[in-house]
Student: 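The structure's right below; bear with me while I get my questions together.
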Amino acid sequence: MTPTNGAAAPEAVAEAALAPEVESEVDAFQRQVDDLVSKTDVLERRVNEVVDFYDGKKHGSGGRKGGRHGAYGRGMPDLMRQLGVILREITDDNDAWPFREPVDVVGLHLHDYYKIITKPMDFSTIQNKMEGKDVTTYKNVREIYADVRLIFANAMKYNDDENIVHLLAKSLLEKFEEKWRQFLPKVESEEKRQKEEESKGVLATNTSREAAIAKLAKDTDDELNQINKQLEELRKMVVHRCRKMTTDEKRKLGAGLCHLSPDDLNKALEIVAQDNPSFQTKAEEVDLDMDAQSETTLWRLKFFVREALERQANVASGKMDENAKRKREICNALAKTASKRIKKQP
């Protein structure tokens, strides 16, 4: 985890502030910190799951995310297989040859085809969608029925009434519609069963899901409280093991504070205020007595100041590089201009 508001990472405090005689304990502190970080990542995912559920419920989706096959009932895949048999009977017909593959618009020089037919369709495309090989898939058999009718409707729309393709499409459409009429009662029966099943199961499912999410939220809250306790215990251990900062280190720390930007200085003062609530961070003049600060505050300030000054130095270096680059560009431009003038002289 990245420290915020100027707080140094706990592992950094532990490693640098420990007295030399207890440096062997640094690894133990590091393992504890790593363990807490790992637990926090897990809890973050749980929190996101809880938030997603209640956001979904708020927007009317019941907190569930449906996949591309979410509309299938238990009997719908079986209906699709049965409809697949009907489609094979149609495509095996000798008159189905124009409709098995996409129309070869380029080979047949049908330059106006896409102007007339806005949604091309053929049986190979339907088969791919049924088998999940296409980007889109079918949610129910009625979508397949609509695409089959579209194949023949396109053929009859693009070709004149007396054209052979038009006549074949009309004949096969009649055969397909007859088979669909015989198949339709099964479709309606399955759709009715699905609605009845959903009306009974949705409420129970949502209630069960919400109860599980509520338990997850409570468990997550309990574990977060436990992590906070562990962090507090770790902090106390680090403070207990901190060596005292030397007078020279305090002097350098004070000098470093004087070189901070206004924003970073305010953050540094907030670190002081965390251990000393009566400390006035917003006063026009702030008197900071280094000797009056706790060792924890001093070490946190030291790491914050070091990082802030390094950051300021990098920014300044970047600006210097940019200025140098700009100067080079100007010099080059002037040199080119001077060269042109010399060439123009007689």
Side-chain angles (χ1 to χ4, degrees), residues 59-61 64-199 202:
H59 293 94
S61 65
R64 294 183 299 173
K65 296 181 180 179
R68 64 181 184 181
H69 300 292
Y72 288 177
R74 286 182 298 177
M76 194 59 71
D78 185 55
L79 286 178
M80 286 194 171
R81 285 191 291 271
Q82 294 181 45
L83 183 56
V85 174
I86 294 175
L87 296 186
R88 280 193 294 274
E89 293 176 358
I90 298 295
T91 56
D92 286 344
D93 193 295
N94 291 332
D95 293 339
W97 59 267
F99 317 112
R100 292 172 184 148
E101 301 292 335
V103 175
D104 185 5
V105 176
V106 176
L108 297 174
H109 305 289
L110 307 178
H111 306 296
D112 60 346
Y113 186 81
Y114 293 121
K115 294 181 181 179
I116 299 172
I117 304 302
T118 57
K119 185 181 178 183
M121 186 54 60
D122 64 278
F123 281 108
S124 68
T125 299
I126 291 176
Q127 185 67 27
N128 288 336
K129 292 175 70 174
M130 289 179 68
E131 295 176 355
K133 297 178 181 178
D134 197 83
V135 176
T136 58
T137 57
Y138 293 115
K139 296 179 179 178
N140 53 64
V141 292
R142 289 188 182 273
E143 291 183 351
I144 302 174
Y145 166 73
D147 273 355
V148 173
R149 295 191 79 256
L150 180 62
I151 294 174
F152 302 129
N154 286 345
M156 290 186 287
K157 180 179 181 180
Y158 185 78
N159 298 282
D160 296 336
D161 294 353
E162 297 181 358
N163 186 286
I164 182 62
V165 175
H166 182 107
L167 296 174
L168 293 177
K170 184 176 180 180
S171 173
L172 285 176
L173 178 59
E174 291 175 355
K175 292 180 181 179
F176 174 69
E177 291 286 11
E178 177 59 30
K179 292 180 180 294
W180 174 259
R181 278 192 291 271
Q182 296 174 12
F183 183 61
L184 187 58
K186 293 183 180 180
V187 177
E188 293 174 340
S189 175
E190 173 60 23
E191 290 173 341
K192 181 180 178 181
R193 188 193 66 77
Q194 282 188 27
K195 289 181 180 179
E196 292 174 350
E197 190 176 82
E198 288 174 2
S199 64
V202 166

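Every value quoted in this text rests on a predicted model; they were computed, and no experiment measured them.
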Student: What's the shortest heavy-atom distance between H166 and D160, and which atoms?
Tutor: CB-O, 3.0 Å
Student: Is R193 salt-bridged to E190, going by a charged N under 4.0 Å from an acidic O?
Tutor: yes
Student: At what distance, to the nearest 0.5 angstrom, does OH of Y145 lie from CG of L150?
Tutor: 12.0 Å
Student: Please determine which of D78, I144, V148 meets the side chain to side chain contact (heavy atoms under 4.5 Å, CB included) test together with L83.
Tutor: I144
Student: Considering only NZ, NE, NH1 and NH2 on the basic side and carboxylate oxygens on the acidic side, decide whether R142 and E191 come within less than 4.0 Å.
Tutor: yes
Student: When you compare the side chain of I86 with that of W180, does any pair of heavy atoms fall below 4.5 Å?
Tutor: no
Student: Any chance you could measure T137, atom OG1, to M130, atom CE, to the nearest 0.5 Å?
Tutor: 11.5 Å
Student: Kindly give the heavy-atom pair with the smallest separation between D104 and G107, and that separation in Å.
Tutor: OD1-N, 3.0 Å
Student: Between T91 and L87 (side chain of the first, backbone of the second, donor and acceptor by atom type, cut-off under 3.5 Å), is there such a pair?
Tutor: yes
Student: If I take atom NZ from residue K129 and atom OG from residue S124, how far apart are they, to the nearest 0.5 angstrom?
Tutor: 11.5 Å
Student: Examine distances only and state if a side-chain atom of K186 and a backbone atom of L79 form a donor-acceptor pair shorter than 3.5 Å.
Tutor: no
Student: Let's go through V165 and Y158 carefully: what are the C-alpha distance in whole Å and the side-chain angles of both, what is the deciding distance for side chain to side chain contact (heavy atoms under 4.5 Å, CB included) to 0.1 Å, and is it a yes or a no?
Tutor: CA-CA 9 Å; V165 175; Y158 185 78; over 6 Å; no
Student: Does D147 reach the side chain of T125, with side-chain heavy atoms less than 4.5 Å apart?
Tutor: no
Student: Is the F152 ring parallel, tilted or perpendicular to the F176 ring (thresholds 30°, 60°)?
Tutor: tilted
Student: From R149 CZ over to L173 CG, what is the distance, rounded to the nearest 0.5 angstrom?
Tutor: 5.5 Å
Student: Where is the tightest heavy-atom contact between M80 and Y138, given as atom of each residue plus distance?
Tutor: CE-O, 3.7 Å
Student: With rounding to the nearest 0.5 Å, note down the distance linking CE in M121 to CD1 in I126.
Tutor: 6.0 Å
Student: If I take atom NZ from residue K175 and atom CG from residue D95, how far apart are they, to the nearest 0.5 angstrom?
Tutor: 5.5 Å
Student: Please report the shortest heavy-atom distance between L172 and A96, naming the atom on each side.
Tutor: CD1-CA, 3.6 Å
Student: Using the test side chain to side chain donor-acceptor pair (under 3.5 Å), find all partners of Q127 that sit at least two apart in sequence or belong to another chain.
Tutor: E131
Student: Taking all non-hydrogen atoms of both residues, which atom of I90 and which atom of F123 are closest, and how far apart?
Tutor: CG2-CZ, 3.9 Å
Student: Would you find a donor on one side and an acceptor on the other, under 3.5 Å apart, between the side chain of D122 and the backbone of V103?
Tutor: no
Student: So L168 and F99, do their side chains get closer than 4.5 Å, heavy atoms only?
Tutor: yes
Student: Is a side-chain donor or acceptor of D112 paired with a backbone partner of K115 at a separation under 3.5 angstrom?
Tutor: no
Student: Taking N154 for its side chain and K157 for its backbone only, find out whether a donor-acceptor pair lies under 3.5 Å.
Tutor: no
